[in-house]
Amino acid sequence: MSKVITISREYGAGGHSIGLKVAQQLGIPLYDKEIMEETAKASGFDLEMVENEEEDVSKRSSIMKSICTVSSNYYFDTQDTIHDVQKVIIQNMAKKGPCIIIGRCADEVLREAGIESFNVFIHADDVHRAVRISQIIGSDNATEIQKLMTKKDNKRHNYYHHYTKKKWGDGRNYHLTLDSGVLGYDLCVKLIVDAVKGSE
């Protein structure tokens, strides 16, 4: 297996969990939070700031507001710096060999660098996602869950469009799109593994 796999996902659709199982079956590393950690080291920014700002180009975060009173231009320069650092880190991770990279426009980052990847998008209906999100946040408040679902998806949509000029979730941008709510995680894992092996 010689391909890098990128996984983009709706919040609560299980992209990380599915990716982790695929990585285990294929015997390759998965990079998600590791990208944030490496970005913080390379950029000198605080890890918490990187975590809160890396996929949000819509507004200032509470962290940024609390640590500095600067112009919005400086703020967006900071976000661009984080993105630029992440691009290099993602490319370097992909150059090391087969792996799975979660989110962060990795599909487009690798395409621009001329690095072949197999790109997956995972989605699900609101009911299935709400159940998953309830488990993640430890709350069954329907209003809270819906607001968080919308906020996270909007952030990812805006981030992807801002840096790729493409529509997040558009099937034409991916080799495989899967409905984890209908298919279930295990079948999604099997389909990804089979598709990657079959495309070699």
Side-chain angles (χ1 to χ4, degrees), residues 1-11 13-51 53-55 79-124 155-156 159-166 168-180 183-200:
M1 206 286 291
S2 58
K3 282 190 172 63
V4 175
I5 301 169
T6 72
I7 296 180
S8 299
R9 70 285 183 233
E10 289 183 333
Y11 183 58
H16 181 93
S17 298
I18 291 168
L20 188 59
K21 290 184 178 181
V22 172
Q24 291 170 346
Q25 287 199 19
L26 295 176
I28 60 177
L30 177 142
Y31 299 120
D32 189 356
K33 290 184 177 181
E34 295 82 0
I35 299 172
M36 291 188 296
E37 293 168 356
E38 291 300 317
T39 299
K41 291 178 185 178
S43 66
F45 294 132
D46 182 81
L47 176 60
E48 189 175 1
M49 185 178 77
V50 172
E51 183 176 2
E53 302 303 329
E54 64 166 356
E55 286 189 331
Q79 282 189 323
D80 287 344
T81 298
I82 290 173
H83 177 70
D84 289 343
V85 170
Q86 283 193 342
K87 283 177 63 175
V88 175
I89 290 168
I90 288 169
Q91 291 167 7
N92 288 341
M93 287 174 167
K95 289 174 182 177
K96 291 179 182 179
C99 62
I100 296 176
I101 300 174
I102 303 292
R104 301 170 181 87
C105 304
D107 53 329
E108 189 68 9
V109 167
L110 297 182
R111 187 194 66 78
E112 291 178 355
I115 300 173
E116 184 179 6
S117 63
F118 186 85
N119 306 317
V120 180
F121 187 83
I122 298 174
H123 61 96
K155 285 174 65 173
R156 291 174 181 177
Y159 180 84
Y160 189 84
H161 182 265
H162 180 78
Y163 287 111
T164 71
K165 307 307 178 188
K166 295 181 178 181
W168 179 71
D170 186 334
R172 291 170 293 185
N173 299 332
Y174 311 94
H175 298 107
L176 184 65
T177 60
L178 298 171
D179 186 333
S180 62
L183 300 172
Y185 289 12
D186 289 342
L187 182 52
C188 285
V189 171
K190 182 180 186 304
L191 290 170
I192 294 171
V193 171
D194 288 350
V196 169
K197 288 182 176 180
S199 65
E200 290 181 329

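Throughout, residue positions are numbered sequentially from 1 according to the sequence presented. Quantities reported herein were computed from a predicted structural model and do not represent experimental measurements.
- For Arg9 (side chain) and Gly14 (main-chain N/O), no donor-acceptor pair under 3.5 Å exists by modelled atom type.
- Closest approach of Asp107 to Thr6, counting heavy atoms only: CB-OG1, 3.6 Å.
- Applying the ring pair (Phe, Tyr, Trp, His ring centres under 6.0 Å) definition to pairs two or more places apart or across chains, those involving residues 86-119 are Phe118-His175.
- Once rounded to the nearest 0.5 Å, the distance linking NE2 of His123 with OG of Ser180 reads 8.0 Å.
- Applying the side-chain contact (heavy atoms from CB on, under 4.5 Å) criterion to Leu183, with sequence neighbours excluded, gives Leu178, Leu187, Cys188, Leu191.
- Using a 4.5 Å cut-off on side-chain heavy atoms (C-beta onward), Tyr163 and Gln79 make contact.
- The side chain to side chain donor-acceptor pair (under 3.5 Å) test applied to Glu108 returns Arg111, Lys166, not counting sequence neighbours.
- When the side chain to side chain donor-acceptor pair (under 3.5 Å) test is applied to Asn173, no partner is found at least two apart in sequence or on another chain.
- Between Ile35 and Gln86 there is a side-chain heavy-atom pair separated by less than 4.5 Å.
- Qualifying ring-ring contact (aromatic ring centres under 6.0 Å, His included) partners for Tyr174, counting only residues two or more places apart in sequence or in other chains: Phe121.
- Ile89 contributes atom CD1, which lies 11.0 Å from atom CG of Asp84 (distance to the nearest 0.5 angstrom).
- Listed by chain and residue number, nothing satisfies the salt bridge (Lys or Arg N to Asp or Glu O under 4.0 Å) test with Lys33 (two or more places apart in sequence, or in another chain).
- Between Ala106 and Ile90, the shortest heavy-atom contact is CB-CG2, 4.2 Å.
- Side-chain atoms of Glu10 come within 3.5 Å of backbone atoms of Ala124 as a donor-acceptor pair (strictly under, hydrogens ignored).
- Under the side chain to side chain donor-acceptor pair (under 3.5 Å) criterion, Asn92 pairs with no residue, sequence neighbours left out.
- A search for salt bridge (Lys or Arg N to Asp or Glu O under 4.0 Å) contacts involving Asp179 returns nothing, not counting sequence neighbours.
- With a 4.5 Å cut-off on side-chain heavy atoms, Phe45 and Thr81 count as touching.
- Here the CD atom belonging to Glu38 is positioned 10.5 Å from the CG atom belonging to Leu47, to the nearest 0.5 angstrom.
- For Glu112, the salt bridge (Lys or Arg N to Asp or Glu O under 4.0 Å) test picks out Lys87, with sequence neighbours left out.
- Side-chain atoms of Ser43 do not come within 3.5 Å of backbone N or O of Ile82 as any donor-acceptor pair.
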Show me, pair by pair, the donor-acceptor contacts under 3.5 angstrom made by side chains of residues 16-28, not counting sequence neighbours?
{"from": "His16", "atom 1": "ND1", "to": "Asp32", "atom 2": "OD2", "distance (Å)": "2.8"}
{"from": "Ser17", "atom 1": "OG", "to": "Arg132", "atom 2": "NH2", "distance (Å)": "2.8"}
{"from": "Lys21", "atom 1": "NZ", "to": "Asp186", "atom 2": "OD1", "distance (Å)": "3.2"}

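- Note that CD1 of Ile192 is 12.0 Å distant from NZ of Lys190, once rounded to the nearest 0.5 Å.
- Between Leu176 and Ala195, the shortest heavy-atom distance links the atoms CD2-CB, 4.3 Å.
- Nearest approach of Gly171 to Thr177, heavy atoms of both residues: CA-CG2, 4.0 Å.
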Please set out all donor-acceptor pairs under 3.5 angstrom arising from side-chain atoms of residues 93-101, sequence neighbours excluded.
none

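- Remark: Tyr31 engages no residue in a side chain to side chain donor-acceptor pair (under 3.5 Å) (not counting sequence neighbours).
- Considering all non-hydrogen atoms of both residues, Val50 and Met36 come closest at CG1-O, 4.0 Å.
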